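Bear in mind the structure is a predicted one, so any value in this text is a computation, not a measurement. Numbering of ligands and ligand atoms starts at 1, following listing order.
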Amino acid sequence: MQNPIYTVLNIAEILKADVKLVNGQTVIQYLIIDSRSVLIPENSLFFALCSHRDGHGFIKDAYKKEIRNFVITEEKYISQYPDCNFIVVDDTLIALQKLAIEHRNHFNLKVLGITGSNGKTIVKEWLYQLLAVDYNIVRSPKSYNSQIGVPLSVWQIDADNNLGIFEAGISAANEMENLAEIIQPQIGILTNIGEAHAEGFSSKQEKLEEKLKLFAATELFIYSPEYVSETNFNDLPGKKQFSWSTKQGADLRIIAVEPTDVNCYLRAIYQDKEIECTLPFKDKASIENGMICWATLLALGYSAEQADLRLEKLSPVSMRLELKNGINQCSIIDDSYSADISSLAIALDFLNQQNQHSKKTVILSELFETGKDDLDLYTEIADLLAQKKINRLIGIGIQISKYAKLFKFETQFFHDTNTFIESFAGLHFNHETILVKGARRFEFGRISKLLTQKIHDTVLEIDLNAMVGNLQFYRSKIKAGVKIMAMVKAFSYGSGSFEIANLLQFHKVDYLAVAYADEGIALRKAGINLPIMVMSPEESAFEAIIKNNLEPEIYSLEILNNFLNSLSDYDFNYPIHIKIDSGMHRLGFDTNEIDELSELLKGSQKVKVQSIFSHLVASSEAEHDGFTQQQIEKFKVIANQLVDYLGYKPLLHIANTSGISRWPDGQLDMVRLGIGLYGFDSALLNNRGLNTTMILKTTVTQVKTLDAGETVGYSRKGVMPNGGKIATVKIGYADGYSRAFGNGVGKMLLNGNLVPTIGSICMDMTMLDITGIDVKPGDEAIVFNQEHNIMELAKEINTIPYEILTNISQRVKRVYFYE
Ligand SMILES: *Cc1c(COP(=O)(O)O)cnc(C)c1O
């Protein structure tokens with residue numbers, strides 16, 4: 001079979017669309033939905049999708065990146081870009097899907113379709129690991145399983161592939177039919193369906209029935225009866241079925257599940273015989289996903305022995321990029337996801353979002369891309385690295401070394417990981433961002449260990465995708481045209497500095513705000529060029545503020561006069577922000593000062609009022625709604641008075657996080673988004689709709705058994721009348737774990753159990769009462785995560801999430817994850 005070739009004209013015909021073509025014979029290889037990630041612009045077709053934001057808004061950006069082929073709905077762009085091909089459709093998403101269906105119809109490879117609520121991506125990646133020796137597999141990248149992700153996944157199929165593994169995820173009724181038509185699986189795999197009935201469905205049954213629609217036309221359906229208890233057995237999809245269960249009769253009836261310290265041993269009855277396998281995992285979710293893979297191998301006809309041999313070698317799937325601090329002020333991006341071109345492109349995009357260092361280095365192993373010859377592969381990689389403006393490549397492997405000439409920038413090559421490590425001392429790494437990406441057999445974990453600072457075992461993990469999700473959540477709540485100022489004061493509420501600012505800049509917030517000049521200067525040094533407001537500009541820092549192009553908050557006549565004096569005679573229209581006191585009584589101008597303020601401002605050309613703002617004191621609290629309303633009214637009156645004087649219109653803003661959702665008429669020209677970005681909003685019941693962004697983890701150092709009557713810690717505060725067992729963990733009040741958590745007030749999650757502190761919290765350590773629980777040194781203790789969340793911690797010691805977050809000291813290492 002041959003690969004179909006699509007010209008722009010072909011695609012227009014497939015879509016039965018109107019066109020405006022400059023060159024209809026342009027061949028399209030890549031479908032692009034995000035103007036920020038472009039591989040080869042000549043052969044790319046940009047779809048202006050309308051999801052969170054209207055993709056038409058990014059046509060300009062895509063054009064700048066040299067894309068000349070577009071699928072659009074709004075014809076007005078045609079005349080703006082006369083040298084481009086345009087395909088005009090009614091709905092760009094439907095067009096994307098239609099094209100994917102056409103592509104899918106072209107091939108008759110075997111396809112596995114996976115859906116369920118949990119575990120889809122893991123099962124997909126593991127099946128890939130298990131089957132890659134027998135098939136040339138195409139699979140969904142990462143967790144591309146949505147209405148957009150599925151067509152992009154299927155578009156990757158080419159003539160060399162003989163197996164496709166695609167996942168499908170839906171969030172509402174009537175979405176699955178589309179995905180089924182695009183994937184067309186012959187074999188269906190259902191993963192854990194989850195207990196809760198999700199928001200887009202009226203019941204758990206509806207959710208299940210919708211998901212099963214993926215499998216309507218399958219030959220073989222692999223499932224566990226526990227997942228489908230809501231449905232009638234006769235309604236199950238598939239000409240044939242293969243079931244597995246730990247609880248009831250099934251084709252694969254699992255009769256023993258025995259986790260040990262490192263793995264899990266399973267026994268089952270299959271075709272009337274007892275069979276066994278070992279999974280190299282011991283946690284509940286991995287064991288369940290492992291069982292699904294076991295059932296799938298057997299259902300596909302592998303023998304029990306073959307299945308056992310392969311399952312034993314499964315390796316964990318990590319689809320996250322990790323951003324960490326490295327030696328010599330470097331930032332390290334550790335990417336342990338599979339080593340192929342599409343994941344390299346994703347990692348390079350993330351590398352390019354980093355502005356903290358101007359130098360960018362990639363340490364790359366050979367990649368394995370089946371069905372491409374090496375020259376093509378390394379030419380493509382060299383182009384990609386050049387396009388992403390990488391300064392240095394360190395290539396590891398014999399094949400990549402052969403193609404050294406293709407890379408026209410600083411390079412070094414090593415034949416294997418060991419040679420690299422032996423030469424490490426002579427290599428220079430300094431003030432640069434380094435992407436470490438290698439195929440599994442190159443064991444690049446050893447390289448990233450050399451490059452990263454030793455991590456004291458208490459770590460704050462920050463999920464950057466979760467943060468972006470929260471940003472989008474508030475974007476969907478604000479009216480069109482309202483700007484967003486993201487509050488990144490106090491190390492972004494404890495979560496980080498440039499790491500967070502880079503992300504917010506990339507996702508195009510309009511403004512940043514910090515508390516002190518130092519914080520703003522640090523961001524400028526890290527390459528952040530968004531406008532930055534400084535809320536407490538000290539007079540001693542004015543010079544640095546001006547030098548770094550930071551914008552001071554002006555809250556009194558005195559500070560305005562001082563600032564005007566600091567500006568030179570040549571300064572003109574320097575941006576400042578005027579703070580009005582509408583009731584907080586912290587900083588800001590009062591009503592009676594407005595006249596004098598206006599005179600001063602009018603008399604000086606040196607400054608320009610960029611915005612006028614005020615702060616709400618109780619935007620989330622219904623009992624104070626009357627007061628909030630008054631604050632908003634009072635602010636509007638004063639601000640408008642000032643605007644009248646000025647004769648131009650600065651941005652007006654008053655709403656913080658809780659104000660955004662509870663006071664839509666207070667959104668004005670801009671909102672100031674703080675704690676909501678980090679996952680908390682007291683205006684939302686249980687923070688509904690927001691993602692958890694941070695997890696604080698520490699490690700058990702020692703476990704002790706105590707006799708009756710012994711005490712624990714300073715001043716003998718922890719008493720054990722009946723004796724018991726304690727664990728010491730590596731976090732104390734110097735890390736930000738408040739002393740108030742001592743003596744049983746605070747709790748941590750240890751191996752799934754919520755255990756209380758015992759005795760006083762020490763400076764660097766805490767003791768936990770683990771009586772009756774299996775714990776050993778090296779185990780992970782979770783201070784807070786999604787389940788044991790910061791809201792509960794705050795309640796335990798009678799404070800607010802803001803304080804818990806910002807108390808986490810700088811000594812605790814931050815590690816950033818990005819999918
Ligand atoms: C911190 C702060 C905010 C953000 O408040 P959240 O409740 O975290 O959204 C907004 N405005 C000002 C002036 C602040 O100091």
Participant: Quick test of your reading of the model: are Asp625 and Arg662 salt-bridged, counting only N-O distances below 4.0 Å?
Facilitator: yes
Participant: I want to check something: taking the side chain as every heavy atom from C-beta on, are Cys330 and Glu432 in contact at a cut-off of under 4.5 Å?
Facilitator: yes
Participant: Tell me, do Arg672 and Tyr511 make a side-chain contact under 4.5 Å, heavy atoms counted?
Facilitator: no
Participant: Taking NZ, NE, NH1 and NH2 as the nitrogens, is one of them in Glu519 or Lys489 under 4.0 Å from a carboxylate oxygen of the other?
Facilitator: no
Participant: Throw together a table of side-chain donor-acceptor distances under 3.5 angstrom for residues 535-543, partners on residues two or more places apart or in other chains.
Facilitator:
residue: Glu539; atom: OE1; partner: Asn562; partner atom: ND2; Å: 3.2

Participant: Residues around ligand 1, heavy atom under 4.0 Å from any ligand atom, sorted by chain and number. Can you pull those?
Facilitator: Met487, Lys489, Tyr493, Met535, Arg586, His615, Asn656, Thr657, Arg672, Gly674, Ile675, Tyr802
Participant: Quick one: do Asp764 and Arg811 make a salt bridge, cutoff under 4.0 Å?
Facilitator: yes
